[in-house]
Amino acid sequence: MENFLAQFQSIKNSCNRLVIAVDDVNDVWPLVKEGFEKRLPFKKAILNNKTRNPVTVHNLPAEFILASDLKVRSRFIPDQPLFWFREPYATVVLITCEDLDEFKTILKPRLKLTLQNDEKQWFIVFVSKAARHNDQAYKMAQKVYGRVEVDFNSRKRERCCKYDLHGPEGTFWEELEFKIMECIRNSLDRRIQFYEDEIRKLSELRFMPIWSFCNFFMLKESLAFMFEMAHLNEESLREYDELELCYLETVKNPGRLREFGGMDIGDDQAAILNPTNKQLSQIVQDNSFREFEFRQYLFACQAKLLFKLNRPFEVASRGFAFIVSFSEALARRESTLPFCLREVWVLTSCLGLVKATADHYKNGLVAPEVEKEFYRVQGELYSLCRVKFMRLAYLLGNGSDIERSPVNSAALSMLPWPKPAIWPSVPSDASSEVLAKEKMILEATPRIKHFGIDHKKPLPLEPSSLLLEANRQKGSLSADSESQASQLAKVYIASQHALLKTISEPGLWKSLSSLQEFEKKYLELTKGAADNYHHSWWKRHGVVLDGEIASVCFKNGNHDLAAKSYEKVCALYSGEGWHDLLADVLPNLAECQKILNDRAGYLSSCVRLLSLDKGLFLTKERQAFQSEVVRLAHSEMEDPVPLDVSALITFSGNSGPPMELCDGDPGSLNVTLWCDFPDEIALESLSLTLTATNNADDCVKAIRSGDVTILKPGRNTITLSLPPQRPGSYVLGVLTGQIGHLRFRSHGFSRGGPADSDDLMSYDKPTRPILKVFKPRSLVDLSTKVSSALLMNEPQWVGIIVKPFKYSLKGAVLHIKTGPGLKIEESRDIEMETHLNSDNENNNNDDDNNNDDKNNKEFSHLTFKNGNIELPDWASNVVGVLWIPVRAIHDGLARGTSAGTILSERANVVDGLRTLGLKLEFGVSRNQIFEKTLAFHFTDPFHVSTRVVDKGSDGALLLQVILQSQVKASLTIHDAWLDLEDGSVHNGKPTSALFPLVVPQSSRAGILFDEEKALHPDTILNIKYEISGDRNYGSHTPVSLEPKVQENDPFLTFRSGLELQRPVLEPSLAVGFLPLPSNGLRVGQLFTMKWRIERLKFSKDETNNDEVVYEVKANLKNWMIAGRKRGHAPLSTKQGSRIEISVLCVPLGAGYFRPPQLELPNVNRANICCNPAGPHLVCVLPPPLSSSFCIPA
Amino acid sequence: MIVCIAVVGHQNNPLYIQSFTEADDALKLHHIVHCSLDVVDERVNNPKKSGPMINETFLGLLYPTENYKVYGYLTNTKVKFILVTTDLDVRDADVRNFFRRFHSAYLDAVSNPFHVPGKKITSKTFAERVSNIVKSVSFNTAG
């Protein structure tokens, strides 16, 4: 059967559409041929696939061939199923007949003979030549056709149709097509069945020694070809796929050792898209085919079908997998193949595949993910191609022009060297070439790295030393005398000659022959890969290759393009924190920017270089980066750029609790800066923002340090002065400042250590407050030391307690402004002492300060200047008392009262009030101010009340003077006398034995004067007294007297006018208190109080003759009075006239009280006779018990 | 031979990368690991493609190149382990097993209270353990 291979191939090549045989029984074909052929190709056909499922096929090509034609007749080889695909798929029997008898006798037997027992799929077309108007002929034709139908149609199938040459076509063509399709479908189904059976039979014999893959292949391909002709490409592809699987199985089977192939000229050029590259008969070998050619052939057939199916993306992805697996197969046989055939084959196959698939690919016709995948595969193909191309170039000695980048190194150095059986040797006539190459090697200068980065070994492009590999495989180590360069030159030249033999494509050889051409091709492949990757998911692959393009651009002086690409690469690496890779590319970008004079970019690149892991560069190199930064920062830049140095300068607050400040206080903040610059760096200015954590409105406050700050590498502590801040807590915000002319900014908050380089990914936000400013609170209080009264008109100490509340008063100044009637005795020093609490209960409540300092009493004399006092330092934290000597001035003479009159205490108190306005300035910069006005109470030592006790028989009066002490001090009366109005000296001086009379605090004493003369209200009482009191409690010895206590006159004199109550000598009116209700007074019970006024005689002193003015006076604490308290009451001047005055009263408290009094203001008291004469008391009972709620049940 | 093993964080940042080659060529392995993230991303972002693999931590072979193989493994916290090996004939089960052991070493390392999540792993113990695992594993079925 192998013998048929050539024939099979040629038939296959000559046959490309389905054949429909025309059995022209009555020679009518010429009449209908045109019409029939017009129907071709068939617009739409429904055929069955292998599993008998209908498949719609469009534009099915076919061909009408007369059954008598030699083409059909000669090729019929009934027993050979190989050629079934070319047999007619339908037979159209063309007949015409105008006579029924003729049909019955001649035509019908003839037809029966041809059509009976035939495998052919046939049907009859009756051609009617009768014209429509020729009625008889037409009818006859109808009759004959009716007969034909009866004879040839069966119940299952109609096999006849009629074509009127001169009549209307009607549905004839549809009917014709339908019948042809029916036939084709049936033929296909039957043939598929035949093929399947045959193939199955062959398959069953697969493990027999006589089995031939070749036969199997022809049968299978024959079926595949039939499918292809019927446009059932999917089916055809499946056959090829099965063939491939089957073939690979036979190849794996190690039973027979076959030739691999690939040794022919031109085999280096892949033929994976060209099925007709070689005749199959050429590669047939021992019942099978050579692997090298045959696998490519199978793939080519599959690719062709896939292109027909419009699935170029599948060609690409299958192709890539095929190339990789085929490359492995080539690697296994590398020692027998021509030198580097594998490399060249992969290169050409990738290029071919990329080109073909890209040509067939039309955008937008597929789902996006398929499209992405397609571009990825294209990228992979380009990339593989690129690697092989570089490998070849390296073998030819162009390695120095290949960038030793990570991507190239990864692609090349992990590939093993080609392993030919014998490494090629230098041809004898090539010594001059070797010399030239050697010279070139020696002259090649290594790439200069920017910034003098030279500590890194360049990455390898080769798996291990090429020299060793070549020598090892050659089996002879060359003489040691030869230099390495010369040995390498030999290897290169030898490879060059060997490759020249392998590479058959002149284009490829050209690309490898010169540096310019190499670079052109290299760039084309790299760009191709990068562009495709960019369209796919694999962005990183694309960007990395952009970097390779950039390096070529850089070499060629296209710095602009290079910078753009490098930027992309750097952004990729830095975005994901791959510092090692970034450190490899960033210097290149920086160099581009430097050349392009892109200062901003260059600057930021230098900063980024400094920000990378320290271990990636030597200190020397980092210093070079820094000096570039500093140089640029101090140069005049057109557009100064802000620098982000977040990774280089980081900041943190002090560890420990935040600094605490009171509202309004300034402070100074210590901040730790970590500097990652390798050398010291000078910052022209520096400021730090504080962010309030509680208040979103004024979140940012900047604090500045105006001076130049020099940061050392590592830890630095700087102190920033802090103006008063609003209450709240603050965290550190952003560090800004200037280096040279450049503003920089750092968000780099560190937790008290140097910045981690991977912090670049996400900055920590400082969360711990660094500063707390408290809400306004009272920081200090000023209060009076003494609550009781001080002596009026005498110099007295007033004590002011200065009490700080946990706040230092250091450097505080007190401004004092005296109120009216008060004067500071400036002749005396002001004193300050520690405040001691004598009372125990105070001690318990008070701050511990006081207790602590109990034993540590401080005392200072302070000077009073311009109303200011500076507080001593010791008083900054303890409660102190400031003693200020003052004198309250009261010009009036103190007046006594007659005993028994109700005094208005209030007036007295108000008279004695004096104020001191105090203003305390304190705080760090005296920013805090506390103002308060303190009131002090001054008073006379005594209140004097008098009463004329009796009138002696000699007319002299006996005057009782009651002295009420008004101070909390002991008073000692040493002398007392009366100054009479006329200046005469009284003689009724109390006996001197009485003195000294001691009056304890707040108590009374009495003195009795015996006065001969009538006393006048202007009589003045003089009392010489001494006071002994403590300034801590109240009145005390006046300040001015203190030092001269022991001297002549230690006594004070108090003068008071006397209010004398004269006895009623000439009564003209009598006021009688009428009896109260007999049941007594009760609290809350209304009663009427009554007085009766009776005229005893008419006095001329009275102004109003027939009325009196009255006034009811009562202590309002005890009584409530309803009605008029003051009024005019009519009273005639006649003796004995009387009137009653009544007032409604309610007692307010129970006990003995003085009842309301009736006074007659217009009548001299001496003329009123009262009953009872003096003050008397009445009893008020408590309110009656209310029993309404406690009635027994 | 395993030439490189890497831990890559969920932001695709390297957390640990260790090469086991003699030559001073770690950078190319950095490149290989970094580029293989493309494949990981593709698999993770296109669950349709990976199909039933979606709940599987082992991502399988990422790169079928002719000179080395890259395998991936994705933890629940989206941390990736990348393995680069020059052995070409490797059984998936062996790699799976390797990753499982590596994963447990990684878990111990990040459970250290002094380790800051998301930061590079600097533990020497981890490095030692990894190198022991690498030494003990041999993928090459051919021998």
Side-chain angles (χ1 to χ4, degrees), chain A residues 320-321 323-325 327-328 331 342 346 369 372-373 376 380 383-384 387 404-416 456-461 463-464 533 536-544 572-573 575-584 613 751 756-762, chain B residues 1 3-4 6 8-19 21-50 61-70 80 84-89 116-122:
Chain A
F320 181 63
I323 289 168
V324 169
S325 91
S327 168
E328 276 169 25
R342 177 190 178 203
V346 171
E369 56 271 18
K372 292 221 167 205
E373 178 66 9
R376 180 188 71 79
E380 289 280 88
S383 184
L384 186 54
V387 171
R404 288 175 178 266
S405 60
V407 54
N408 288 348
S409 177
L412 290 175
S413 73
M414 294 176 86
L415 272 180
K456 282 184 207 153
K457 231 174 92 181
L459 287 168
L461 290 178
S464 55
Y533 278 136
S536 76
W537 288 108
W538 291 15
K539 305 290 179 203
R540 291 182 186 84
H541 283 76
V543 175
V544 168
L572 173 74
Y573 288 148
E576 298 185 333
W578 292 76
H579 284 188
D580 297 58
L581 292 167
L582 184 58
D584 189 56
D613 282 347
R751 289 204 175 91
D756 269 345
S757 48
D758 45 340
D759 275 348
L760 274 177
M761 308 276 299
S762 59
Chain B
M1 188 180 103
V3 288
C4 183
V8 180
H10 74 281
Q11 288 172 299
N12 289 333
N13 50 324
L15 296 179
Y16 177 83
I17 182 158
Q18 180 63 52
S19 53
T21 51
E22 304 276 317
D24 185 13
D25 57 357
L27 207 54
K28 74 176 181 197
L29 296 167
H30 279 248
H31 161 79
I32 292 171
V33 173
H34 179 243
C35 274
S36 69
L37 295 175
D38 269 339
V39 192
V40 176
D41 279 357
E42 190 187 9
R43 297 224 179 149
V44 173
N45 295 336
N46 295 304
K48 255 191 263 169
K49 261 179 91 175
S50 36
L61 181 62
L62 304 180
Y63 263 131
T65 60
E66 52 180 353
N67 38 23
Y68 57 89
K69 279 182 157 48
V70 183
K80 294 133 208 160
V84 186
T85 172
T86 47
D87 296 329
L88 296 181
D89 194 10
V116 182
K119 293 279 159 71
K120 285 186 174 155
I121 303 170
T122 50

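Owing to the predicted nature of the structure, the values given are computational and were not obtained by experimental measurement.
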Trainee: Mind checking what makes salt bridge (charged side-chain N to carboxylate O under 4.0 Å, His left out) contact with A:R342, not counting sequence neighbours?
Mentor: B:E66
Trainee: Which residues satisfy the salt bridge (charged side-chain N to carboxylate O under 4.0 Å, His left out) test with A:D580, sequence neighbours excluded?
Mentor: none
Trainee: Check for a donor-acceptor pair, side chain of A:W578 on one end and backbone N or O of B:N12 on the other, with a separation under 3.5 Å.
Mentor: yes
Trainee: Taking B:L27's backbone N and O only, do any of them form a donor-acceptor pair with A:D584's side chain (distance below 3.5 Å, no angle check)?
Mentor: no
Trainee: In terms of heavy-atom proximity below 4.5 Å to chain A, should B:I17 be classed as side chain, backbone, both, or neither?
Mentor: side chain
Trainee: Of the non-hydrogen atoms in A:H541 and B:C35, which two are nearest, and what is the gap between them?
Mentor: CE1-O, 3.2 Å
Trainee: Rounded to the nearest 0.5 Å, how far apart are CG of B:D25 and CE of A:M414?
Mentor: 8.0 Å
Trainee: Heavy-atom cut-off 4.5 Å, strictly under: side chain, backbone, both or neither for A:Y573 against chain B?
Mentor: side chain
Trainee: Side chain from CB out, backbone as N, CA, C, O: work out which of these in A:A411 comes under 4.5 Å of a heavy atom of chain B, or both, or neither.
Mentor: backbone
Trainee: Taking atom NZ of B:K28 and atom CG of A:L461, what is their separation to the nearest 0.5 Å?
Mentor: 9.5 Å
Trainee: Could you point out which residue of A:K539, A:K372, A:R540 forms a salt bridge (charged side-chain N to carboxylate O under 4.0 Å, His left out) with B:D41?
Mentor: A:R540
Trainee: Counting only heavy atoms closer than 4.5 Å, note whether A:L459 contacts chain B via side chain, backbone, both or neither.
Mentor: side chain
Trainee: Out of curiosity, A:L572 CG to B:H34 NE2, how far, rounded to the nearest 0.5 Å?
Mentor: 4.0 Å
Trainee: At a heavy-atom distance under 4.5 Å, which candidate from A:V407, A:L384, A:V387, A:V324 has the highest pair count against chain B?
Mentor: A:V407
Trainee: Under a 4.5 Å heavy-atom cutoff, which of B:V84, B:V39, B:L29 has the most pairs with chain A?
Mentor: B:V39
